[in-house]
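Remember, predicted model here, so these are calculated numbers, not experimental data.
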Amino acid sequence: MTPEAYYHQDSEAVRFWVSIDDVLVGASIRKAVLHHRFVPKGGTEEPIETYARHAAEIEAAVRRRVAQGSIEPVMLREHDLRPDAE
C-alpha cells in the first residue's frame, strides 16, 4: 500500500511515493514549483490539494526521472513538468 502524500512544512514541499515496478520510490515537489506550474496567478490553493488534482502528471514526471537514472528521493523541478519534458 502506498503511503499518503503530505505537506512537509519545514521544506515547503509535498512528499509522496510512486510505485515503479512494485517498488515505492520517494519523491517531493516544492510548493513554489506546484504553484508556478498549476495554480493561476493569484490562486491560494493549498499545496496538497494542488498535488492531488495533478497527481497523475506529477507521478509521470517521477517515472521519467527514474527512467533517466535518478535515484530516490526524486526531487521534481519546474522543468520536469513542462509539456515538452516527455
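- Legend: side chain to side chain donor-acceptor pair (under 3.5 Å) pairs involving residues 45-56, not counting sequence neighbours, sorted by first then second residue: E45-T50, E45-R53, Y51-E59.
- Here I71 sits alone; no ILVMFWY side chain lies under 4.5 Å from its own, so it joins no hydrophobic cluster.
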Report all side-chain donor-acceptor pairs from residues 13-22 shorter than 3.5 Å, counting only partners two or more places apart or in another chain.
{"unit_1": "R15", "atom_1": "NH2", "unit_2": "H8", "atom_2": "ND1", "d": "3.3"}
{"unit_1": "R15", "atom_1": "NH2", "unit_2": "S11", "atom_2": "OG", "d": "3.4"}

Start with the C-alpha distance between L76 and V62, add both sets of side-chain angles, then the distance that settles side-chain contact (heavy atoms from CB on, under 4.5 Å), and finish with yes or no.
-> CA-CA 7 Å; L76 291 180; V62 172; 3.8 Å; yes

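- Here R30 pairs with E12 in a salt bridge; the nearest charged N to carboxylate O distance falls below 4.0 Å.
- Looking at residues two or more places apart in sequence or on another chain, you find no salt bridge (Lys or Arg N to Asp or Glu O under 4.0 Å) involving E72.
- Interatomic distance, OG of S28 versus OH of Y7, reported as 11.5 Å (0.5 Å rounding).
- For R77, the salt bridge (Lys or Arg N to Asp or Glu O under 4.0 Å) test picks out D80, with sequence neighbours left out.
- Summarising the geometry, atom CD belonging to E4 is positioned 8.0 Å from atom CD1 belonging to I48; distances are rounded to the nearest 0.5 Å.
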Requested in this report: Evaluate the side-chain contact (heavy atoms from CB on, under 4.5 Å) criterion for residues E78 and R37: first the C-alpha distance (whole Å), next the side-chain angles of each, then the deciding distance (0.1 Å), finally the verdict.
Outcome: CA-CA 7 Å; E78 184 180 334; R37 172 68 175 91; 5.7 Å; no

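- Checked against side-chain hydrogen bond (donor to acceptor under 3.5 Å, both in side chains), S70 has the following partners two or more places apart in sequence or in another chain: R65.
- Using a 4.5 Å heavy-atom threshold, the side chains of F38 and I58 count as touching.
- Across every non-hydrogen atom of P47 and L34, the tightest pair is O-CD1, 3.6 Å.
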